[in-house]
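Source: prediction; values computed, not measured.
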Amino acid sequence: MVANNPQAGEYVRLGSFEQDGNAQNGREGIEWLVLDRENGKALLLSRYALNSMEFGSGRNGVNWSNSDVNSWLNGDFFSNAFDEEEQSAIIRTRTSDTTDDMVFLLSDSEAQACFADDSARRAEPCDALDIKTMDGMCSWWLRTTGTDGANKAMLVDSTGQISRGGVKAESNAAGIRPAIWIDLTKAGMLAVEPLSESAQAGDISRMRMAT
């Protein structure tokens, strides 16, 4: 079914990325959870953690705009995961006082507002990703600097709790769940996925995020 009117809590597909660990069968379509809609736009978060890496290195690596994660998301990932038509549907988004990005991580406040509880915030890694898990779930980075030190970044742990103190940005590898805003008038290629047991409509909280 074409996603002319996707609602919060539904899954859509956009772009492709190697996720099953078998490069010979080609890349798999990326599934995204619709977190919010406003004014013909939709906020999407990848259903699975697609990659894992250190947040950033060096003195300024913990700052989102200078992080390794930002560089990868807006470089290799954006260029290779989406074709030109798909890229045209993605909206450049203000993610800090000085930074506009095509692809980003959620902030701690967004991760709090988007989900009803910790359980809904938990994430599985894609099959190709070799990352530490607990009960099949992994931690994933947020773009907000941690409160327990200048060299720490916040993340969502495997239980779905937000670790606001943070962990060391250059010595810990956590999962990456890309987020994007899309223009629905340009996104007729999206295919709605049925809700799964892990993402019932009631698990998603409405939120507003400036773009």
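- Listed for the R37 side chain is a donor-acceptor partner under 3.5 Å among the backbone atoms of P6.
- Remark: R47 CZ to C126 SG distance equals 12.5 Å, nearest 0.5 Å.
- In terms of heavy atoms, R94 sits closest to T99 at CD-O, 3.1 Å.
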Exercise for review: Would you check, one step at a time, whether the test side-chain hydrogen bond (donor to acceptor under 3.5 Å, both in side chains) holds for S65 with N63?
Suggested key: CA-CA 6 Å; S65 59; N63 296 324; 6.0 Å; no
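- Two residues are said to be in side-chain contact when any heavy atoms from C-beta on lie closer than 4.5 Å; I91 and I182 fail this criterion.
- Within the 4.5 Å cutoff, side-chain heavy atoms of Q19 are placed close to those of I30.
- With a 4.5 Å cut-off on side-chain heavy atoms, L44 and L35 do not count as touching.
- Atom NZ in K152 sits 8.5 Å away from atom OG1 in T147 (nearest 0.5 Å).
- From N66, atom CG reaches atom OG of S71 across 10.0 Å, with rounding to the nearest 0.5 Å.
- Between the Q87 side chain and the F78 main chain, a donor and an acceptor come within less than 3.5 Å of each other.
- Side-chain atoms of E18 come within 3.5 Å of backbone atoms of N22 as a donor-acceptor pair (strictly under, hydrogens ignored).
- Heavy-atom minimum distance, G136 versus P125: O-CD, 3.4 Å.
- D135 places no side-chain N or O within 3.5 Å of a backbone atom of M137 that could act as its donor or acceptor partner.
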Practice item. Decide yes or no on side chain to side chain contact (heavy atoms under 4.5 Å, CB included) for L45 and W140, but give the supporting numbers first. Key: CA-CA 12 Å; L45 177 71; W140 48 285; 4.3 Å; yes
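- Side-chain polar atoms of D157 and T159 form a donor-acceptor pair below 3.5 angstrom.
- There is a side-chain donor-acceptor pair under 3.5 Å between S107 and S109.
- Connection of L129 to F17 is not established within any shared hydrophobic cluster, with ILVMFWY side chains joined at heavy-atom distances below 4.5 Å, either directly or through further cluster members.
- Taken from OG in S16 to CZ in R27, the straight-line distance is 3.5 Å, to the nearest 0.5 Å.
- Follow the hydrophobic side-chain contacts under 4.5 Å out from I162 and you reach L105 in the same cluster.
- One finds no salt bridge joining R92 and D100 here, because no Lys/Arg side-chain nitrogen approaches an Asp/Glu carboxylate oxygen to under 4.0 Å.
- For the residue pair A153 and V62, the shortest heavy atom distance occurs at N-CG2, 4.0 Å.
- Listed for the R122 side chain is a donor-acceptor partner under 3.5 Å among the backbone atoms of S158.
- Within 6.0 Å of CG on N25 lie more than 12 heavy atoms contributed by other residues, nucleotides or ligands.
- With rounding to the nearest 0.5 Å, the separation of CG in N172 from OG in S139 is 8.0 Å.
- Across all non-hydrogen atoms, the minimal contact from V69 to E54 is CG2-O, 3.7 Å.
- Contact of the I180 side chain with the L14 side chain is registered, since non-hydrogen atoms from C-beta on lie closer than 4.5 Å.
- Hydrophobic clustering (side-chain heavy atoms under 4.5 Å, transitive across Ile, Leu, Val, Met, Phe, Trp, Tyr) keeps I131 apart from V156.
- Both the sub-6.0 Å distance and the 45° axial angle are not jointly satisfied by R177 relative to the ring of Y48.
- W141 is listed as a side-chain neighbour of I176, based on a closest heavy-atom distance under 4.5 Å.
- Side-chain N or O atoms of D76 include none that pairs as donor or acceptor with a backbone N or O of W72 at under 3.5 Å.
- Side-chain contact, D101 with W64: a donor N or O sits under 3.5 Å from an acceptor N or O.
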Exercise for review: May I have the step-by-step check of side chain to side chain contact (heavy atoms under 4.5 Å, CB included) for F55 and T145, ending in yes or no?
Suggested key: CA-CA 10 Å; F55 188 88; T145 301; over 6 Å; no
Practice item. Step by step, work out the side-chain hydrogen bond (donor to acceptor under 3.5 Å, both in side chains) result for D117 and S119. Key: CA-CA 6 Å; D117 53 34; S119 178; 4.6 Å; no
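- The shortest side-chain heavy-atom distance between R121 and Q112 falls under the 4.5 Å cut-off.
- A salt bridge between E110 and R143 is present, with a side-chain N of the basic residue lying under 4.0 Å from a carboxylate O of the acidic one.
- Considering NZ of K41 and CG of D183, their distance stands at 9.0 Å, rounded to 0.5 Å.
- Residues M102 and W181 form no side-chain contact, since every pair of their non-hydrogen atoms from C-beta on lies 4.5 Å or further apart.
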Exercise for review: Run the numbers on R164 and D108 for salt bridge (charged side-chain N to carboxylate O under 4.0 Å, His left out), then give the verdict.
Suggested key: CA-CA 8 Å; R164 290 189 166 83; D108 66 321; 3.7 Å; yes
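- A donor atom on one side chain and an acceptor atom on the other are found under 3.5 Å apart for N74 and N70.
- Here the shortest heavy-atom pairing between F104 and T95 reads CB-CG2, 3.6 Å.
- Taking the six-membered ring where the residue is Trp, F82 and W32 present parallel rings, their angle staying beneath 30° rather than reaching 60°.
- Across D20 and D127, no two heavy atoms sit closer than the pair CA-CB, 4.0 Å.
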